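Whatever order the structure lists them in is the order used to number ligands and atoms, beginning at 1. Fair warning: this is a prediction, and the values are worked out from it, not measured in the lab. Count residues from 1 along the sequence.
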Amino acid sequence: MIPNLTDLQELRESNDIQGDRTALQSRLEEEGYLFFRQLQDPESLMELRQQMLSTMQLGGWIKKGTNPIDGIAEPSVQCTEGDREYTDVYHQVYRNQLFHEIAHADSILETVSDITSREMIPQPQKVARLWFPKYTAHTTPIHQDYVHFQGTYENLTCWAPVGDCPIELGGLAVLKGSHKPGRVLDHHFSLGAGGLMINGGDYESLGLTWHTTDYKVGDTLIFPALTIHMALPNVTEDRLRVSLDNRYQATDDPIAEHMTEPHLASMSPFSWAQVYEDWDSANYQYYWKDYELEIVPKDWSFSNRGFEEACQLAREGNQEAVHHLTRVAKRAGGTEQGNLAETVLKEMSK
Ligand SMILES: O=C(O)CCC(=O)C(=O)O
Ligand SMILES: [Fe+2]
């Protein structure tokens with residue numbers, strides 16, 4: 001359930017306590033997030049925007065003859081994570097050098113180190129979200145990041161739009177104080193990005209409020225892996241939403257294995273060597289190897305449960321679940337999940 005837009009409150013700005021470790025730590029402990037205006041350099045982000053959207057225009061996602069910086073989507077195209085067509089263009093965007101380098105900006109590294117009082121690095125897997133307008137059934141649902149990224153509860157997500165992101169473009173909203181129960185809540189099948197969501201009843205009783213803002217380029221929202229959050233739907237007529245969500249961890253904490261791989265490499269084979277192919281500097285290539293991070297296996301239980309629920313719901317005629325299984329069958333033919341998705345769909349067409 002997406003809260004009524006009028007129920008959304010403003011994010012609290014923390015620029016006034018930047019650099020004050022004690023104040024940052026106690027505010028994060030209290031509210032479950034920290035939000036900074038202009039934490040990142042707007043100029044670099046606008047340069048990145050131009051580059052990312054130009055690649056998307058070559059991929060056919062941005063309307064021909066328009067300036068890519070405007071982010072005007074080609075009306076005939078709509079796709080998302082999990083779709084083969086999405087991964088193809090996404091991985092082209094993912095080869096962008098600035099996209100990876102920007103995660104190492106001093107302003108972010110200093111802030112996340114202040115928040116944790118530990119030596120922090122960006123996790124190898126960087127993430128961009130390229131969200132089509134009026135494709136709202138696929139919006140990132142209510143979730144906690146731990147189910148996807150794992151490692152530790154202390155990892156910090158830094159979410160930032162690449163360009164201004166007013167509410168109607170579908171920025172991030174956080175549920176203030178929702179990290180406090182200190183555990184992962186049950187996640188269920190969702191058609192939205194990530195495929196897993198928390199049911200309303202499981203957090204509504206906490207009586208917490210949703211917070212978001214009209215983001216300006218450079219603004220950055222930071223939260224740990226148990227804070228409940230979601231994206232708002234992109235209800236604009238024709239604009240793509242472009243954002244970054246990178247994760248930061250202490251150098252002596254473990255990392256889940258999949259976070260050492262490029263994002264969506266599981267959807268379509270994609271290596272760091274391919275990512276780095278056209279870079280003109282090796283400064284930020286394989287940088288994490290200097291830290292000898294402890295690599296732990298991914299816990300598949302969350303996504304397996306979501307998939308099992310999707311199979312069950314599809315059998316009961318749930319159209320979102322049918323849509324999901326069709327997507328899995330299309331991209332993962334021959335794998336265990338792909339075969340199972342096909343079997344369920346075949347059973348249903350009898
Ligand atoms: O940008 C989105 O749609 C999802 C982002 C998100 O869930 C995150 O940053 O953890
Ligand atoms: Fe998230």
Side-chain angles (χ1 to χ4, degrees), residues 2 11 32-36 39-40 45 49 52 71 78-83 86 90 93-94 99 102-103 108 112 122-123 125-175 178-179 184-185 187-188 190-198 203 210-213 215 217 219-236 239-249 256 258-259 263-264 302-303 306:
I2 293 165
L11 286 168
Y33 74 88
L34 291 165
F35 174 61
F36 302 93
L39 182 67
Q40 302 186 61
L45 280 163
R49 177 176 173 85
M52 291 172 80
Q78 276 183 327
C79 56
T80 189
E81 290 177 8
D83 290 325
Y86 183 87
Y90 180 72
V93 173
Y94 207 84
F99 164 63
I102 218 162
I108 307 184
V112 293
Q123 293 193 320
Q125 182 179 109
K126 313 297 180 298
V127 178
R129 313 285 179 176
L130 317 172
W131 269 199
F132 282 84
K134 296 186 169 162
Y135 196 45
T136 56
H138 306 268
T139 303
T140 310
I142 297 168
H143 69 280
Q144 293 164 307
D145 270 2
Y146 186 81
V147 298
H148 299 300
F149 306 106
Q150 303 173 17
T152 77
Y153 292 164
E154 279 73 47
N155 289 349
L156 293 172
T157 295
C158 294
W159 186 93
V162 186
D164 291 350
C165 183
I167 287 184
E168 63 271 19
L169 194 56
L172 218 68
V174 283
L175 194 62
S178 56
H179 63 303
V184 179
L185 303 188
H187 283 67
H188 301 275
S190 164
L191 186 59
L196 292 171
M197 68 171 183
I198 299 171
Y203 69 83
W210 286 100
H211 294 254
T212 191
T213 193
Y215 295 90
V217 61
D219 294 351
T220 305
L221 177 64
I222 303 181
F223 53 92
L226 290 180
T227 298
I228 297 174
H229 60 284
M230 66 173 167
L232 298 172
N234 176 354
V235 294
T236 62
R239 304 290 154 142
L240 268 163
R241 187 253 285 177
V242 182
S243 57
L244 310 177
D245 48 279
N246 292 322
R247 290 167 185 80
Y248 293 78
Q249 72 165 89
H258 65 293
M259 296 307 289
H263 189 218
L264 304 188
F302 305 106
S303 56

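- When the options Q144, H148, H229, R241 are ranked by their closest heavy atom to atom 6 (C) of ligand 1, first place goes to H229.
- Annotation for H263 and Y90: closest pair ND1-OH, 2.6 Å, computed over non-hydrogen atoms.
- Under the 4.5 Å side-chain criterion, counting only non-hydrogen atoms from C-beta, H229 is in contact with L172.
- Closest protein heavy atom to atom 9 (O) of ligand 1: D245 CB, 3.0 Å.
- Contacts of H143 with ligand 1, taken as heavy-atom pairs under 4.0 Å, involve the side chain alone.
- Not a single N or O atom of T157, backbone or side chain, sits closer than 3.5 Å to an N or O atom of ligand 1.
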Before giving the answer on side-chain contact (heavy atoms from CB on, under 4.5 Å), spell out for H143 and D145 the whole-Å C-alpha distance, their side-chain angles and the decisive distance to 0.1 Å. CA-CA 6 Å; H143 69 280; D145 270 2; 3.0 Å; yes
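- By the 4.5 Å heavy-atom criterion applied to side chains, L264 and Y86 are counted as neighbours.
- In this structure, the side chains of N246 and P122 stay at 4.5 Å or more apart for every pair of heavy atoms.
- For the Fe ion (ligand 2), protein N/O/S neighbours under 2.8 Å (waters excluded) are H143 NE2, D145 OD1, H229 NE2.
- Contact atoms of ligand 1 toward A231: 3 (O) (distance under 4.0 Å to a heavy atom of the residue).
- Relative orientation of the Y203 and W210 rings is perpendicular, given thresholds of 30° and 60° on the angle between their planes.
- Taking OG1 of T140 as the reference point, atom CG of L232 lies at 10.0 Å (rounded to 0.5 Å).
- Taking 4.5 Å as the limit, every side-chain heavy atom of L244 sits out of range of all side-chain heavy atoms of K126.
- On a distance-only criterion, R129 and ligand 1 share no N/O pair closer than 3.5 Å.
- The part of R247 lying near ligand 1 is the side chain, judged by heavy-atom distances below 4.0 Å.
- Looking at L172 against ligand 1, only its side chain comes within 4.0 Å, counting heavy atoms.
- The single protein non-hydrogen atom nearest to atom 4 (C) of ligand 1 is T140 OG1, 3.3 Å, given as residue, atom name and distance.
- When side chains are defined from C-beta on, R247 counts as touching V127, because their heavy atoms get closer than 4.5 Å.
- To the nearest 0.5 angstrom, L156 atom CG is 9.5 Å from F223 atom CZ.
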